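Not measured: the values here are computed from a predicted model. Keep in mind that the numbers below use all heavy atoms, side chains included, and drop hydrogens, waters and symmetry copies. Below, read A as the first sequence line, B as the second, and so on, with proteins coming before strands; counting in each chain starts at 1.
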Number of protein chains: 4
Amino acid sequence: MTETGPSRIQSEKRAAILGAALEVFAAEGFRGATLDRIAGEAGLSKPNLLYYFPSKEEVHEALLSGLLDLWLAPLRRIDPDGEPMAELLGYVRRKLALSRSHPRESRLFANEILQGAPRIGPTLSGALRDLVEEKAQAIAAWAETGAIAPVDPRHLIISVWALTQHYADFDVQVRAVLGRDDPLDGAEAHLEMLFERLLAPRA
Amino acid sequence: MTETGPSRIQSEKRAAILGAALEVFAAEGFRGATLDRIAGEAGLSKPNLLYYFPSKEEVHEALLSGLLDLWLAPLRRIDPDGEPMAELLGYVRRKLALSRSHPRESRLFANEILQGAPRIGPTLSGALRDLVEEKAQAIAAWAETGAIAPVDPRHLIISVWALTQHYADFDVQVRAVLGRDDPLDGAEAHLEMLFERLLAPRA
Amino acid sequence: MTETGPSRIQSEKRAAILGAALEVFAAEGFRGATLDRIAGEAGLSKPNLLYYFPSKEEVHEALLSGLLDLWLAPLRRIDPDGEPMAELLGYVRRKLALSRSHPRESRLFANEILQGAPRIGPTLSGALRDLVEEKAQAIAAWAETGAIAPVDPRHLIISVWALTQHYADFDVQVRAVLGRDDPLDGAEAHLEMLFERLLAPRA
Amino acid sequence: MTETGPSRIQSEKRAAILGAALEVFAAEGFRGATLDRIAGEAGLSKPNLLYYFPSKEEVHEALLSGLLDLWLAPLRRIDPDGEPMAELLGYVRRKLALSRSHPRESRLFANEILQGAPRIGPTLSGALRDLVEEKAQAIAAWAETGAIAPVDPRHLIISVWALTQHYADFDVQVRAVLGRDDPLDGAEAHLEMLFERLLAPRA
DNA sequence: AATGAATGAGCCTTCATTCAT
DNA sequence: TATGAATGAAGGCTCATTCAT
């Protein structure tokens, strides 16, 4: 009757650990991160951390497992039956917003890919590829009707990824160029213009 | 006459070490790389490696120190007195070519930035920023004359970086989407079109 | 009237723990055994186990303390006034039966002795030695009357131990030689013959 | 031309480590033994030990790998064409001598078997079983000619193992019974008599 | 110029034990 | 009684670095 799921303290601690781990893994990479630092930042001892997760590897996996879903959500929301230009610019906006609200997730992902995707490689060739293929067909259809300019849909999607994530992943460099306190509003305007011009059908 | 600089064997070994180190650092990150692996791939013993470089840190630094120069060369070649459109598209082409011919350097750089640029941070705010500022002014001047569309020059440069480097740094992901054997020629065409449309002055 | 000794549940749990501990200590040795495994096999939690026994050490000791009594029972039953040959062969039979019915106890004991008897050393030099001495005199007396062949009684007893326990302690090796499914009946016949011939008085 | 095998210092250190490891593994079992103690007893640091052997497991294996050969040497020397009684009694004598000169090896072996032979199990069912089978046939042949009493040859061999090894493995207990300073000469006489009577053909 | 040998510091993980409930 | 949570101490192993040759 009283099926008890993970107790409150369980979920709170697990959440605290994952938060700290996200911070550390994103900043230092998998090998660079130490359980000591993660535990410290989560406010518990190292063996206590291992009471909640069986190993460093599994903490990392717990972070990655949800990540791709989060990451692809903006793409998933593209509606083949919507208004093409609005759908695509909306996608760009959502993806940029996500990158800016979740920079640590972005860097965690970047780290994983940079190292050759040892852990989520299969998912890339599976779920990711499938989703891209699906959306690419919608975009291609739009291009054929002349609603948008003819572009390679897959490279278009890759461009969105590259441009939006760069602001999160290469933040230090961006800041060095733009100045410490730039609100990055220029980025949004710039990307919007960029994709508008790229996609605008010829007059 | 008998002033002896570094003997040939010296420089050869140093070069071999740096080559191996580039491979390993790019693939595994700084902490993930081990001197053992670098030494092994360079074909010498670990203590011998440390005879040529005093520490792991310094091997890494030796790689990074030359890197920014290489990395900024395409940008540097933009000629304020040249034909605007040709200059900028030439820049894009050169930068993409560089990323594709030097993917390991690209990843090494990406790793460093992702970790917060602990080693080349100062250079970013110095030399890098200065160069960008200089070229940005030239681009801004072009925009004012109407030779190109009005764009934020700094975000333009950032876009070039993002789009070109992405193909090197996120290779695994790109391959997952495009297929293992895609020659990536589509990337070049796509980027050229992208920047052409972005920069083309209004009719 | 209401003096309450250990409640039934108390003794039942203690018994369950000791049963599981016997299994685990016999199979893995003292250091190899973990409270986790013992608790798991006893069907309770680790802290709960430590509610019944204050420490791993004491679980082990509880097992050992009763063990020597059990182990020496067959020897104790030798009757100085009985028929010599029957008494001794009966002893051999009882000891072999015990080893076969209690292989885990045998291995627990073997482990303890192998490690130098850190816990029951004193008992060996005390109770064990005394009992052996007592029975040795009886055997010596039999030898003097010519009822059995003249043998060193202490080495005789040691031989019984060695031969009977070996079948329990070295079971894997015995099985490797005799085959997985040998019922070990041959052992009984063999040992009986061995001691019969050893002890039969000269014609 | 100058094919160099392991340098002298290599073999010396390896030998020292194996010596110390034999001591510790025999006394504490695999899990009970610590690299710290082995290294300490061998006179070097723990990482230095791991410079010579890649892991604790491999130190252990290095000890075990040669052990069975040593252990079976006495059995192997039984000559089917020799004088039966002399061959068998010689075997007993050699095996007892070996157990007494190599008590640590004996205990190392006992530990391994007690734990279920996790590492040399296959060898037991292979090389060991084959050798026993071979010698058992020779013994059976002797029994058939009447040169020795009819005994189960495999149980005979097991008896030799049990009786000889017991003096090494259960040394503490034997000493508790016989006295700290007994030279154990009685053991030799006893075993000789035991097997003589067991094997002597009926008059 | 090169390498075998050595080590201190640190890392991930295990485990007996304690604490709070 | 019973257990979820926590921890200190240790254990095996890695690795950058040093030393001696």
> Are the side chains of A:E112 and A:P118 in touch, meaning some heavy atoms are under 4.5 Å apart?
Replying inline: yes

> More 5' along DNA chain F: B:L35 or D:A33, using each one's nearest nucleotide?
Replying inline: D:A33

> Less than 4.5 Å apart, any side-chain heavy atom of C:F109 and any of C:I120?
Replying inline: yes

> Counting just side-chain N and O atoms, does D:Q10 come under 4.0 Å of either OP1 or OP2 of E:dG4?
Replying inline: no

> Are any non-hydrogen side-chain atoms of A:N111 and B:Q115 less than 4.5 angstrom apart?
Replying inline: yes

> Of all of residues 42-57 of chain C, which get a heavy atom below 4.0 angstrom from DNA chain F, listed by number?
Replying inline: C:S45, C:P47, C:N48, C:Y51, C:Y52

> Considering only side-chain heavy atoms of D:K13, which listed nucleotide, F:dG11, E:dA6, F:dC15, is closest?
Replying inline: E:dA6

>> Could you check whether any side-chain heavy atom of B:Y51 comes within less than 4.5 Å of a side-chain heavy atom of B:L44, counting everything from C-beta outward?
In response: no

> Reading DNA chain F 5' to 3', what string of ( ), [ ], | and . shows its pairs, if Watson-Crick and G-U wobble pairs count only when both distances fall under 3.5 Å?
Replying inline: .||||||||||||||||||||

> Would you say D:I113 and C:D169 make side-chain contact, with heavy atoms under 4.5 Å?
Replying inline: no

> Hey, is B:E61 close enough to B:R119 for a salt bridge, meaning N to O under 4.0 Å?
Replying inline: no

Could you list the donor-acceptor pairs under 3.5 angstrom formed between side-chain atoms of residues 22-33 of chain C and any protein atom two or more places apart in sequence or on another chain?
| unit_1 | atom_1 | unit_2 | atom_2 | d |
| --- | --- | --- | --- | --- |
| C:E23 | OE1 | C:R104 | NH1 | 2.6 |
| C:E28 | OE2 | C:R37 | NH1 | 2.4 |
| C:R31 | NH1 | D:G32 | O | 3.3 |

>> Can you measure A:F25 atom CZ to E:dC12 atom C1' for me and round it to whole angstrom units?
In response: 12 Å

> For B:R37 and F:dT14, what is the distance between atoms CZ and C1' respectively, to the nearest whole Å?
Replying inline: 15 Å

>> Looking at F:dC15, I'd like to know if its phosphate oxygens (OP1 or OP2) sit under 4.0 Å from a side-chain N or O belonging to A:R31.
In response: yes

>> Can you measure D:E28 atom CD to F:dG11 atom P for me and round it to whole angstrom units?
In response: 11 Å

>> Distance check needed: E:dT13 C1' versus A:D36 CG, whole Å only.
In response: 12 Å

> Looking at side-chain heavy atoms only, is the closest gap between C:Y52 and C:V59 below 4.5 Å?
Replying inline: no

> With a 4.5 Å limit on heavy-atom distance, are the side chains of D:T34 and D:K46 in contact?
Replying inline: no

> Taking CD from C:E58 and P from E:dA16, how many angstroms apart are they, rounded to a whole number?
Replying inline: 15 Å

> Base, sugar-phosphate, or nothing for C:A39, non-hydrogen atoms under 4.0 angstrom?
Replying inline: nothing

